[in-house]
Every structure is written in structure tokens, then in C-alpha cells.
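Chain A is the first sequence line, chain B the second, and so forth, proteins listed ahead of strands; every chain is numbered from 1.
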2 protein chains.
Amino acid sequence: MGRKRTKSGKIRLAEVAELAGVSPITASRFFRNPDALSIGKRTRVESAAKELGYVPNLAARALASQRTEVIGVLIPSLTNNVFSDVLRGIYDASEGSRYSIQLSNTRYSILQEEKLLRLFLAQKPAGLIVTGIDQTPESRAMLEAADCPIVQIMEIGPDPVDMMIGFSHYDAARAAVAHLFEQGRRKIGFVGARMDPRVQRRLDGYVSAMKDAGSFEQRLVVTTATPTSVTLGGALFTDLLAAEPNLDAVFCANDDLALGVLFECRRREIAVPEQIAIVGFNDLEFMASAVPTLTSVRTNRYEMGRTAATMLIEAIDGQRPERPVLDLGFRVIERQSSLPRHSDSRPAVSGAGATNKMVALPSSHD
Amino acid sequence: MGRKRTKSGKIRLAEVAELAGVSPITASRFFRNPDALSIGKRTRVESAAKELGYVPNLAARALASQRTEVIGVLIPSLTNNVFSDVLRGIYDASEGSRYSIQLSNTRYSILQEEKLLRLFLAQKPAGLIVTGIDQTPESRAMLEAADCPIVQIMEIGPDPVDMMIGFSHYDAARAAVAHLFEQGRRKIGFVGARMDPRVQRRLDGYVSAMKDAGSFEQRLVVTTATPTSVTLGGALFTDLLAAEPNLDAVFCANDDLALGVLFECRRREIAVPEQIAIVGFNDLEFMASAVPTLTSVRTNRYEMGRTAATMLIEAIDGQRPERPVLDLGFRVIERQSSLPRHSDSRPAVSGAGATNKMVALPSSHD
DNA sequence: AGGAACGTTGACAGCGCTACCAGCAACGAC
DNA sequence: GTCGTTGCTGGTAGCGCTGTCAACGTTCCT
């Protein structure tokens, strides 16, 4: 008898089939489309597989079927908190599905992205998640020629390759600035680091809102190509203050910078929000805990990752979403750091659960 | 003539071989061991591959060679900043090598880890990186039976499966507490969230140091199973203060908690470090920027990931490291938050670059 | 009753690559 | 001159699985 084993001692489909008393192809079908089997064979194969501890050989499956069960994910950075939230959503959604995630880091380079894309596509992924809408023309062409579903994440724009999920960074920045105007601020500075396309669009939104109000001045903008950090927030704010001593608010391109600005204010004994208001971007967890609590623009990062992966998997399985472009919007979470300067002298230092007034907005209008 | 193409239009090795005027097997060798070819054929194959834009089919390669070029990585969390640094190191080291990273999240469950391990091993990874030393007996057995190099990361302990790189959380915690004692603190509390094995060992280190000094009291320890956050730091500190109003220092199991404690102190108008000293763990970037700057235990997370992946790849390629167990140590970075209480009334509020006195220690002594 | 339609099963032939071994030329040692 | 040795190359035979198609038994329709 002695059923043959592969050299490495692994259980193959043939062994399972033999134990179940069916042909290998029937056993194969059990794993791909159990409903096609009669109940009897289905249970026989199932128990045989369990008994032998069978695990399919993915390489053989990929080779024979000419497709993989891999979802490629291209993100610009592993450091940035923002992407770790998105990734968590993607991994959570992929769990339980039969797809596995293959992650690659473009390091904010669209040329690197192009190279990775070429590599990915050669392996015929089941689907692809790419960051943003600023691909090289070559990348764009490859994406359009790819015969798998694709989701662009992090922002929305015209002309999606396939599916798209994100929000308008431009509108979000405009809303943040509008909020500061509502609170009576006029000299509103912008600090930004690592000017990737999304940060650039936030800056564009800021500039447009400031110009609308006739308040734009070039010296109110301080940016750098350096990667973001809390410390950098303090440094950029220092520069900003030097350029414009009468500053009454700062809109930070992200929350790390905002925290850095807050600490720098404390160092300089600048009262927040009495003298200067601070608004961040992303609404990381610590913003609600800081003293004073920090206003920020909440973005649905986890949700974005999770939904992107879910949509992608459904599309792979043939269920294309009714709406291929999804605007997840944003919310300006108003906290103490942007209270009006004429409010009662010092902001109430209540517990961490300080009431958050929220302003919810969808970011697109199509 | 017309060389056949695979259905999907992809270039196969056979096409490259034909164009180069060699047999497929020679072309194959070019990609695996170029030195075995004569110069002439080598350059011919090389240019043919480039001309056709050949990309190898990894599934076919894996099936034929019975091994993959995948490094499996098992980590407990994607949320935790600590792991994103480690991951970054791993990805950086893998870049440029021919290995790709397959990441899975155990969610702090060793049962989940066991399940994922089974899945990974069935695909014959080239190598494996696993977190910590607390595997289930089944996991342990699988790891020992695996015929690929394995690196355990994040901590060191006796009896490595194969290679190991990390540091002693126990010793690091003891050093942090010792530092506080040196600064004249006695009522030192401990706050910890998500008591994973490594946080538990930090607690053990704290307890032992406190007992050595005859200062241990159960009510000085406040922990919870909830995932960590800045807000939670404030809440746990509140509980700790209720249990021990005469507290003069807090050792936080991580920096998020420490930041939360700092904010809570500010809310309660408790002077740091005059009334209460704060020490965190990990030395995240913001610690040096906070006001006052926050003392923390620096751990070499990026380095750990990078070295783990480098060691693993070398081991896969047959170059086992001379020292399979590497202690990366830690450093207590002394900052304002743990200055002696009797120092000049308020800590100097200098710039972000405040001088950091460092105390470096290896964590093991074998 | 005969035939179409359906559901279920199996045989065959690869998917693209590499392990293994054999073959061949060039070279030096005896 | 013969023999081994080395360096390079090619042929053969799969790796474990699935796509395709044919075959079978059963049910339903006319």
C-alpha cells in the first residue's frame, strides 16, 4: 500500500484523495468549489484532509491556475503612523479571506513604485492596492493593462484607474482653515514636512482658503522635505514665528508637527489657544489627551484600509462594488487648542474626555 | 520561427534561452549561479533577458526547487509603534536581497501564532522571524523541526530555537528603577497596559528592583489588559494616584503611557519632576521634545529588525553568524522628567535639543 | 419510452521552472 | 597516447496542482 510521500514528507492532494477514495481532481475541487461535490464525497474529502493535516501547496496551485492569491500593497512609508493604521485595516480585512498581503514600500518615490509595480504584476497578483493618484505614466499604463482589480487609496481624484477610496486633502485643509477663521484667527501659518503629494494638496487647500479671505502671505508657509517628527514641528514653528511674530494660529500638516508646536509654545510660554491656536491633521489618539486638547482633522484611516481591501476582495471574487469611488470624508474635531482667543481666559482643563465638537463633511461633491 | 508565448503573453525562460542561443537550463543557471556560465553565454543571456523584459515566474521556481524565497515574519501587533520600527528594519534589510517578506499578525495570541506558523511552514519559507520566546509547546516543536533558519526577536532568553536578537526587558526595567532611586525617589509606581510577556518582564524587573530596596508595595502597580494609549496613561496614573497619594515617581511600561501621565500631571498641576518623576520605555521620538523632556529607556528597535533580517538572510545563504544570540542592550536616556526633586526649582526649559545624559548597559551577562 | 438537461466525476495534459545526471571539450599527468 | 579531471552545457523528468473536456448516472420533459 504505502502511499507515496513527497520527498519532504508533506501531504499532497493525491494522498488526501486516496484516503477519501476519490480522484485527485475531485479532492482539488473540494478546496476550490465545495458546492460542486456531492455531500458524501465532500465530507469524506474534508475529514481525510483534516486527518492528514493537508495544507495545499500554493506554488503548485499558482503555477497550474495561472493566478495567485496575493494582494499587492504599495505604500510610501512604514514609519508614518498614518500608514500603519491603513495597513492594519488592510490586514484585518484580508484575514479570513484566502488572500495574503504582499507589502512593499515605495519610500515616497514614484520611480521606485513603478519598479515594484512591474515586479508585482509579473507575479499576477489577485489584486493591487496602491497609494495615491500620482503614478508615473508608465505605472499608470501598467495599472490600466493589469488584469486584476486595483484600488487607489488615501485620496480621491478624477480618473480612477479602477476603484478608489479616500478623501479630499484639499477640502480638508480648507475646512481646517475655515474653522480657524470662524474662531477669529487671521494670521494663520502653515507648517509641513515631507511634502508628498497629499501634503502638497493640503498646502494648496490652505493657500486657496487664505487667498479667498485675502489673508495669504508667502511668509506664513514654512515647509521642508525632511521626514516629519515632533521635534521638527517645534523647529518649523520657530522659523514661522521668526517670519511672522504676530501669528495667531498654525495649521499643521500632521499631528506630530502639531504636538511639536504645542511643546514649543510651552517652552516659549506662548498661551494656547489664547495667543496662538493650533490645528493638526489626522487626529491621532494623543490629540484628545494633550493639554490643552488639540484640534485636528479626523481622517478614517483604518476604515480606509479595511474598506479598500474588502472592496478589492469582493471585486476579485466577481462582485464589483456599486460605487467604485468612495469618499470617506473627514471631520474637523474642534478642541481646546483652537477656541476663540476672547473666550474665558484659560480653557477649562477638564479630563481627557473633553467634549469634542465635531464638524463632519464629505470631501467631494460629484 | 515565431517563438511561442505563454497564454498570458508573458516571457518565459525558454524565450530568453532561445534569443540567447542557449538551452533553457543554461539560462536558468544564469539567474541562480551566474558564475557557472562562461563569460560569452553569461552576457548573451543577460542581454536577452533584459531585451525581453524577462521576469521569472516565482511560482514555477518554488514548485520546481521545493523552496521559496519568502521570509515569514510573525509579530503581535501592527498598531504598536515599537513593531513598526522593527518592521522597517526588516524591510530595509530585505530590500536588495532576493527575499520577500510575508508578514502576519498574531494579535498577541500564541494560539494564533501557532496556527500561522503551521501555515507558513507548509509553504517552506526560506527563513522565519518570530517575536519573543513564549511560544506554545507545539509551536516550539514546529520551529525546531523546521528546516530553515529562524530568528527570535524582541527579547533574549535561555534556550534559543536558533538565532536570537533582543535585550533583557527585566534588566532594562531594573535599570530604569535604579535610575529613579539614584535621583532620590522612593514611592515609585508602575503603570502598564496590554500585559504581553515583555511588559510582564518589565514589571518583574520593576518588582525585583523595588523589593531589593525594600520599597515594594502592591498598590504601586496599576496595570490593565487594554491596549495601550496616551489617554490610558492618564487614566492609569489617576488610579495610581488614588492608591498612593504620596507617589514621587512613575515608571511607565511604554512611552505612550508616559506621555499620558505627563499630560495628566499638567491637568492636575502636578509639577514634573519636582513632585513626580516620569520614566518611559522605548524612547520614541517625541520624548526628547516634550516639556519637560521625558526620560526613557532607549531600545534599538530598527537595528533589531535590520540585524535580524540580515542575520537570517546570511544564514539562509549558508553563512551562519559567529554569535547566534545577540544582546542589543538598552540605554536609560536621562532627561528633565527624572531630575532630582531637590534640583533648582524648575528644570531649564531649553530647546528641543536638551542635553541627554546617557547610561548605556548591555542587558545580558553570559 | 426516448432524449435532453443537469449534476457529478475522472482522465489527460500541462503550468514554467529546476534537480539530477550525462555528455563533451580542453587540459594535464603518467 | 591514454586516462582522469575540470568546466561548462544540455536532456530528461518531474515539482503538485488545476483547466478542459469527456463520460457517466440521474432526473425531467415531451
- Item | Crowding at CZ, B:R88 (>12 non-hydrogen neighbours, <6.0 Å) | yes
To the nearest angstrom, the CZ-C1' distance between B:R12 and C:dT18 comes to 15 Å
Looking only at C:dG14, C:dG10, C:dT18, the nucleotide nearest the A:A64 side chain is C:dG14
- In this structure, are over 12 heavy atoms from other groups packed under 6.0 Å from A:D147 atom CG? no
Worksheet item: With a cut-off of 6.0 Å (strictly less than), are more than 12 heavy atoms of other residues, nucleotides or ligands near CD of B:Q319?
Response: no
Between CZ of B:R44 and P of D:dC8 the distance, given in whole Å, is 15 Å
A:E69 CD to D:dT18 C1', in whole Å, measures 12 Å
Basic-acidic side-chain contact under 4.0 Å: B:E46, B:K50: no
Expected list for residues 34-42 of chain B near DNA chain C, using heavy atoms below 4.0 Å, is none
*Any ion pair linking A:D159 and A:R140 (charged N to carboxylate O, less than 4.0 Å)?*
yes
Between CG of A:L13 and P of C:dG10 the distance, given in whole Å, is 12 Å
note: A:R32, atom CZ; C:dT8, atom P; distance rounded to Å ~ 15 Å
Close N or O pairs between protein and nucleotides 11-13 of chain D (under 3.5 Å):
none

Note to self: What I want to find out is whether B:R12 reaches B:E15 closely enough, with some N-O distance under 4.0 Å, to be called a salt bridge.
What the structure shows: yes
- Message: For B:F31 and B:Y54, take the angle between the two ring planes, folded into 0 to 90°, and tell me which bin it lands in: parallel under 30, tilted 30 to 60, perpendicular over 60.
- Response: tilted
Rounded to whole Å, CD of B:E18 lies from P of C:dG16 at a distance of 15 Å
Among the nucleotides C:dA19, C:dT18, C:dG16, whichever has the atom closest to the side chain of A:L63 is C:dG16
Here the side-chain hydrogen bond (donor to acceptor under 3.5 Å, both in side chains) pairs for residues 91-104 of chain B, sequence neighbours left out, are A:R107-B:D92, A:R107-B:E95, B:E69-B:R98, B:D92-B:Y302, B:Y99-B:D317
Taken to the nearest whole Å, CG/B:N33 to P/D:dC8 is 10 Å
Taken to the nearest whole Å, CD/B:Q123 to C1'/D:dC17 is 12 Å
### Query
Counting just side-chain N and O atoms, does A:T26 come under 4.0 Å of either OP1 or OP2 of C:dG10?
yes
(request) Classify the nucleic acid contact of B:Y54 as base, sugar-phosphate or nothing, counting any heavy atom under 4.0 Å across all strands shown. (result) sugar-phosphate
